Amino acid sequence: MRVRFAPSPTGELHIGGLRTALFNLLFARRHCGRAILRIDDTDRERSREEHLMSILESFSWLGLTFDEGPVQGGPYGPYRQSERLALYRDVLDKLVAEGKAYPCYCSAETLEASRKEQLKAGKTPRYAGTCRHLTPEEHAEKDKAGIRPVYRLKVDREEPLVVHDLIRGKVVFQPDQLDDFVIMKSDGTPTYHLASVIDDALMKITHILRAEEHLSNTPRHVLLFEALGTTPPQFAHVPMILAKDRSKLSKRHGATSVEAFRDLGYLPEALVNYSLLLGYAPPDDREHFHWEELAKTFELDRVAKHPAVYDTDKLRWMNAYYMRTLPLERIFEEARPFLIKAGYVDRTFTSDDERSLTLRRIDAVRERVSTLLELVDGLAYFYRPIQSYDEKGVRKHFSKPDVAAHLRRAARDLTALTVWDLDSTERVFRQTIEDLGISGGALIHPTRLAISGRTVGPGLFDIMVLLGKDETIKRMVEAADWIEAHSSGERHISVEDDAPSSS
RNA sequence: GGCCCGUUGGUGAAGUGGCUUAACACACCGCCCUUUCACGGCGGCAUUCAGGGGUUCGAAUCCCCUACGGGUCACCA
């Protein structure tokens, strides 16, 4: 059992491509077969080396590996079609010699005109077969005139062509829909149809799992396999992925490639796991799993026939799950480039202490964010002075009469501490609250705002410990200064007091 | 326009003739937990399976038609 995923390097790895690749990998694992990665780069104009690199990098980042492919090689290489061009020529020559293919000199304009006409008449555009019966003399004449021909496959099918799709069931195509299609372009490179079929045959592919957009191409491929004297493999066409408005997912909908989601701070585990939930229903209610785990029970008949809408809300939820459950080191590894970019950490840590402190800070913040980008944001106040205090927080927590004094008092009490940990900070802080005779919230909330600038975040004492004694006290005093500086003049804002006030 | 595929809630979906007064998850709305946020827990959210006809004792599940959505008709893959 052999399957292949065959992207063309004309762009980054698309989110739909990822899922198709995943299904191939799953299917191969399930049946102890081999998964092949093949690069279909016969389009000289649009194929780019950088895109190939980007696709390979995406797979490696996702932790997905194929059994054979351009990087690891294999017995059926090379795995880039651009390196197999001679092969296709040989096959074409053979087809021509056998009378199964012929050169066509029709101009693009003529063909286009004919196509338009047929379309207008409500018919399926088909090639008229003009060049089919050209004599050798006429060939020579055209060649001499410098016309570079394309080659077409001679199609004489009269019976309906039936495809037994493993996902869709029986699909019938009528012979009047088929025509002599182009298999070799005038520049000597094969069309997708030719190259793909030759390689699938040569690479002994047994099952083709690909996107639904290829369903209509399948009859052509079956015809080619037959012309080659090979039995066609089995086909399975997976449904497409749509955007929220039910149209085809495109750039205007935001991120559509693996790379783009990576830049937005999504984790490979989440991207892969979520992709698997689209158009596929695991046998049980579990939603979190590694793809290799799902492979154990993977069945094509559980793949949906209808397209699915990509729901980034659910992706976020999935990502948040992995943010808080993956090993801390894993999160750190993925967060690192983001932290460096933000300037919070160096490429190389100056000390182990600094590294472990960063790890602890990440651990405190990660369970309340959904993406790595949000993680970086949630870490900001540990690495940067406070830019501003949350506005709503100021109204709510900085406007009460004695806050500044309370903050100073708490700062002073904390200064006495020699051991700066969770227990001691909380003990002293609670004592201050008691001494002041106020409610816990009346001091906790202003302090949180003072040292983080925010009203939300990890537990207050966690923040204190992770921020360090000096910085904590400094920020409390600064906040007290700030409050006093901003409370002069008209300061009769009556604030809705939800915390029971002092006695 | 021809051909092909599809249609269960805002979204992903379970469901393959009676066990369904349609699972589960995301989102949303309440409540609880909590110094905040998040996590977690509990509850609410489709009188109905695009619409209409049939078949059947019985249909979301089988058949037909209509509507809608998508794919494809390239010297792109």
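Just so it is clear, the model here is predicted, and its values are computed rather than measured. Residue numbering restarts at 1 for every chain, and letters A, B, ... go by the order of the sequence lines. Because only heavy atoms are used, hydrogens play no part in the values below, and waters and symmetry mates are left out as well, while side chains stay in.
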Notebook entry, point to check: Expressed as a whole number of Å, how far does the P atom of B:A74 sit from that of B:G69?
Noted result: 23 Å

Next item on the list: Figure out the CZ/C1' separation between A:R448 and B:U36, and round it to whole Å.
Entry: 5 Å

Note to self: Could you check whether A:R316 pairs with A:E374 (Lys NZ or Arg NE/NH1/NH2 to Asp/Glu carboxylate O, under 4.0 Å)?
What the structure shows: yes

Margin query: Nearest whole Å is fine: how far is B:A74 C1' from A:R220 CZ?
Written below: 9 Å

Check: What nucleic acid atoms does A:R454 come within less than 4.0 Å of, heavy atoms only: base, sugar-phosphate, or nothing?
Finding: nothing

Margin query: When the P atoms of B:G12 and B:U7 are compared, how many Å lie between them, rounded to an integer?
Written below: 12 Å

Margin query: Looking at every heavy atom in both A:I473 and A:L414, which two are closest together, and how far apart are they?
Written below: CD1-C, 4.0 Å

Item checked: Integer angstrom distance from the P of B:G10 to that of B:A23 -> 16 Å

Next item on the list: Would you mind telling me which residue lines up with the more 5' stretch of RNA chain B, A:G440 or A:D187, judged by nearest nucleotide?
Entry: A:G440

Check: If the P atom of B:C19 is compared with that of B:G1, how far apart are they to the nearest Å?
Finding: 42 Å

Notebook entry, point to check: In Watson-Crick or G-U wobble terms, both distances under 3.5 Å, what is the partner of B:C49?
Noted result: none

Next item on the list: Give a yes or no answer on whether the side chain of A:S58 reaches the backbone of A:S54 with a donor-acceptor pair at less than 3.5 Å.
Entry: yes

Checklist line | Protein-nucleotide distance (A:Y310, atom OH; B:A13, atom C1'), rounded to Å | finding: 16 Å

Check: Quick one: A:H237 NE2 to B:U72 P, roughly how many Å, whole number?
Finding: 12 Å

Note to self: At 4.0 Å (heavy atoms only), tell me whether A:D285 reaches a base, stays on the sugar-phosphate, or touches nothing.
What the structure shows: base

Next item on the list: Starting from P on B:U34, measure out to CG on A:D462 and report it in whole angstrom.
Entry: 17 Å

Item checked: A:A108 or A:R286, whichever maps to the more 5' nucleotide of RNA chain B -> A:R286

Next item on the list: For residues A:F59 and A:L37, report the shortest heavy-atom separation together with the two atoms involved.
Entry: CE1-CD1, 4.2 Å

Item checked: Step-by-step side-chain hydrogen bond (donor to acceptor under 3.5 Å, both in side chains) determination, A:H207 to A:N24 -> CA-CA 9 Å; A:H207 301 261; A:N24 274 283; over 6 Å; no

Notebook entry, point to check: Expressed in angstrom and rounded to an integer, what is the separation of A:Y192 atom OH from B:U72 atom P?
Noted result: 12 Å

Next item on the list: May I ask you to check if A:R361 and A:Y383 form a cation-pi contact, with NZ or CZ under 6.0 angstrom from the six-membered ring centre and within 45° of the axis?
Entry: yes

Next item on the list: For A:R44, report the nucleic acid contact type (base, sugar-phosphate, nothing); a contact means any heavy atom under 4.0 Å.
Entry: nothing

Next item on the list: Sticking with atom P, work out how far B:G51 lies from B:C68, rounded to a whole angstrom.
Entry: 15 Å

Note to self: Taking the basic N atoms (NZ, or NE/NH1/NH2) and the acidic carboxylate oxygens, is any pair closer than 4.0 Å for A:R148 and A:D187?
What the structure shows: no

Check: Hey, are A:R48 and A:E12 close enough for a salt bridge, meaning a charged N less than 4.0 Å from a carboxylate O?
Finding: no

Filtered N/O pairs between nucleotides 1-10 of chain B and protein, under 3.5 Å:
from, atom 1, to, atom 2, distance (Å)
B:G1, O2', A:G122, O, 3.2
B:G2, O4', A:G122, O, 3.0
B:G2, O2', A:T124, OG1, 3.3
B:G2, N3, A:T124, OG1, 3.3
B:C3, O4', A:Q177, OE1, 3.4
B:C5, O2', A:R168, NH1, 2.3

Notebook entry, point to check: With a 4.0 Å cut-off on heavy atoms, is A:N217 in touch with a base, just the backbone sugar-phosphate, or nothing at all?
Noted result: base

Check: Within the distance-only criterion (no hydrogens, no angle test), does the side chain of A:R368 pair as donor or acceptor with the backbone N or O of A:G457 below 3.5 angstrom?
Finding: yes

Margin query: Suppose we define a pair by two distances each less than 3.5 Å, Watson-Crick or G-U wobble; what does B:G40 pair with here?
Written below: B:C32

Notebook entry, point to check: Is there a Watson-Crick or G-U wobble partner for B:G12 with both distances under 3.5 Å, and if so, which one is it?
Noted result: B:C24

Notebook entry, point to check: For A:L13 and A:L18, which heavy atoms make the closest approach, and how far apart are they?
Noted result: CD1-N, 4.1 Å

Next item on the list: For B:U72 versus B:A14, give the span between their C1' atoms, rounded off to a whole number of Å.
Entry: 31 Å

Margin query: Under 4.0 Å between a side-chain nitrogen and a carboxylate oxygen: does that hold for A:R132 and A:D156?
Written below: yes

Check: Can you tell me how far C1' of B:G12 sits from OH of A:Y280, to the nearest Å?
Finding: 15 Å

Checklist line | RNA chain B contacts among residues 316-328 of chain A, heavy-atom distance under 4.0 Å | finding: A:W317, A:R324

Note to self: Among B:A14, B:A77, B:A13, which nucleotide has an atom closest to any side-chain atom of A:A304?
What the structure shows: B:A13

Item checked: Integer angstrom distance from the C1' of B:U61 to that of B:C3 -> 28 Å

Note to self: Please list, in numerical order, the residues of residues 79-87 of chain A that have a heavy atom closer than 4.0 Å to any atom of RNA chain B.
What the structure shows: none

Note to self: By the 4.0 Å heavy-atom rule, please label A:G457 as base, sugar-phosphate, or nothing.
What the structure shows: base

Margin query: Expressed as a whole number of angstroms, how long is the span from A:E391:CD to B:U36:C1'?
Written below: 18 Å

Checklist line | Closest listed nucleotide, where the reference is the side chain of A:K314 and the choices are B:C75, B:U35, B:C26 | finding: B:C26

Next item on the list: For the residue pair A:R84 and A:T42, confirm or rule out a side-chain donor-acceptor distance under 3.5 Å.
Entry: no

Check: Closest heavy-atom contact between A:G378 and A:V365?
Finding: O-CG2, 3.8 Å

Check: Looking across every strand, which nucleic acid part, if any, lies under 4.0 Å from A:H214 by heavy atom: base, sugar-phosphate, or nothing?
Finding: base

Margin query: Taking the basic N atoms (NZ, or NE/NH1/NH2) and the acidic carboxylate oxygens, is any pair closer than 4.0 Å for A:E269 and A:R330?
Written below: yes

Checklist line | Nearest-Å distance once atom P is located in both B:C64 and B:G15 | finding: 23 Å

Check: When all nucleic acid strands are considered with a 4.0 Å heavy-atom cut-off, which category describes A:G279: base, sugar-phosphate, or nothing?
Finding: sugar-phosphate

Next item on the list: Choose from B:A27, B:A14, B:U35 the nucleotide whose nearest atom is closest to any side-chain atom of A:D313.
Entry: B:A27

Next item on the list: Could you tell me the separation between the CD atom of A:E49 and the CG atom of A:D41, rounded to the nearest 0.5 Å?
Entry: 8.5 Å

Margin query: With a 4.0 Å limit, can you tell me whether A:T42 has a side-chain N or O closer than that to the phosphate oxygens OP1/OP2 of B:A77?
Written below: yes

